[in-house]
There are 2 protein chains.
Amino acid sequence: MLKGHLDTIVLAALEAGPAHGYAIIESIKRGSADMFDLPEGTVYPALHRLEEAALLSSSWMTPPGGRRRRMYSLTKAGTAALAERRKVWGRFSHAVNALLTGGRPWPA
Amino acid sequence: MLKGHLDTIVLAALEAGPAHGYAIIESIKRGSADMFDLPEGTVYPALHRLEEAALLSSSWMTPPGGRRRRMYSLTKAGTAALAERRKVWGRFSHAVNALLTGGRPWPA
DNA sequence: TTCCGTACCTAGTATAGCTAGGTATGGAAG
DNA sequence: CTTCCATACCTAGCTATACTAGGTACGGAA
């Protein structure tokens with residue numbers, strides 16, 4: 001399980017500019033040093049969810065001599081949501097780190 | 001949603017020594033600066049799951065002039081699992097951080 | 001005696017993410 | 001030329017997690 005932060009990651013992947021689903025999967029894989037090799041069955045529904053929530057918008061493109069792709073871009077609300085989710089992630093990871101390191105000096 | 005890291009957190013809470021469910025909840029709340037105020041309906045089933053998986057063992061105790069409590073402690077397997085999960089968390093959070101900071105200089 | 005804090009429990013629900021399937025095209029390999 | 005792989009999209013259905021919303025019960029204070 002990718003632990004509820006999938007949406008955050010997908011939004012972040014689109015921050016640099018519009019992309020289509022397949023490319024997003026690869027970009028996440030690369031950007032995480034292969035830690036997150038997300039199945040399509042995870043990412044496509046997430047994209048649909050995010051579009052439904054108006055955080056993304058999409059349009060079909062057909063590059064010359066290529067297959068049709070659905071290009072996604074962040075909406076204004078999506079950009080705002082990303083900023084918010086980044087903060088949430090910061091607080092979340094900080095809290096987990098605190099709990100995992102107890103009060104103790106420093107774990108291996 | 002506490003995002004799949006609940007078990008890790010609960011195991012970590014027991015690292016310092018045995019405790020009962022209610023105390024675990026409070027310890028997690030304190031240790032996370034109130035970020036994780038977990039409902040009992042989340043924690044008790046998790047404790048049962050972890051005991052079922054033999055990562056915890058429990059026994060009923062009745063402190064003098066007090067109510068009965070179920071005390072949980074880490075088993076050997078539980079200690080090992082915690083070490084493993086700590087590593088997983090490290091890799092996971094590192095990867096998410098990488099994705100959220102893109103390649104860009106540094107986010108606010 | 002009533003209520004709050006401690007202390008435990010579970011049935012049912014929502015949903016996230018995965019599995020496992022499906023469709024289709026372009027290009028390379030044979 | 002046909003077969004296969006990589007690209008590119010999709011969905012139904014499963015499972016597990018975490019939550020909601022209830023319930024029980026005791027000790028002590030008001």
Does D:dC9 have OP1 or OP2 sitting under 4.0 Å from an N or O in the side chain of A:Y44?
yes
Are the side chains of A:L47 and A:I24 in contact, using a 4.5 Å heavy-atom criterion?
yes
d(CD, A:E40; C1', D:dA12) in whole Å:
16 Å
Check the angle between the aromatic planes of A:W89 and B:F92 and answer parallel, tilted or perpendicular using the 30° and 60° thresholds.
perpendicular
Hey, is the side chain of B:R68 poking within less than 4.0 Å of OP1 or OP2 on D:dA25, counting only N and O atoms?
no
Less than 4.5 Å apart, side chain to side chain, heavy atoms only: is that true for A:L74 and A:L55?
no
When the distance from NE2 of A:H5 to P of D:dT17 is rounded to whole Å, what number comes out?
16 Å
Integer-rounded Å distance: D:dC10 P and A:Y22 OH
14 Å
Length of the CG-P vector between A:L47 and D:dT11, whole Å
11 Å
Nearest to the A:T42 side chain among C:dG17, D:dC9, C:dC9, which nucleotide is it?
C:dG17
Toward the 5' end of DNA chain C, by each residue's nearest nucleotide, A:R67 or A:P45
A:P45
In whole Å, I'd like the distance from the CZ atom of B:R49 to the C1' atom of D:dT15.
13 Å
So, is B:H48 close to the C:dC8 phosphate, meaning a side-chain N or O under 4.0 Å from OP1 or OP2?
no
At 4.0 Å (heavy atoms only), tell me whether A:R69 reaches a base, stays on the sugar-phosphate, or touches nothing.
sugar-phosphate
Remember a base hit wins even if backbone is also touched, and classify A:G21 as base, sugar-phosphate or nothing at under 4.0 Å, heavy atoms.
sugar-phosphate
Which nucleotide in D:dT20, C:dC8, C:dT19 has an atom nearest any side-chain atom of B:R70
C:dC8
Residue pair B:I28 / B:L38, side-chain heavy-atom distance below 4.5 Å:
yes
Whole angstrom value for the distance that separates C1' of C:dC8 from CE of B:M71
14 Å
Figure out the CG/C1' separation between A:D7 and C:dG17, and round it to whole Å.
11 Å
Please tell me which of the listed nucleotides, D:dC10, C:dC8, D:dA18, lies nearest to the side chain of A:W60?
D:dC10
Nucleotide of D:dC19, C:dG17, C:dA7 approaching B:P39 most closely (side-chain heavy atoms)
D:dC19
Under 6.0 Å between ring centres: does that hold for A:Y44 and A:Y22?
no
Provide, to the nearest angstrom, the distance between the CE atom belonging to A:M61 and the C1' atom belonging to D:dA8.
15 Å
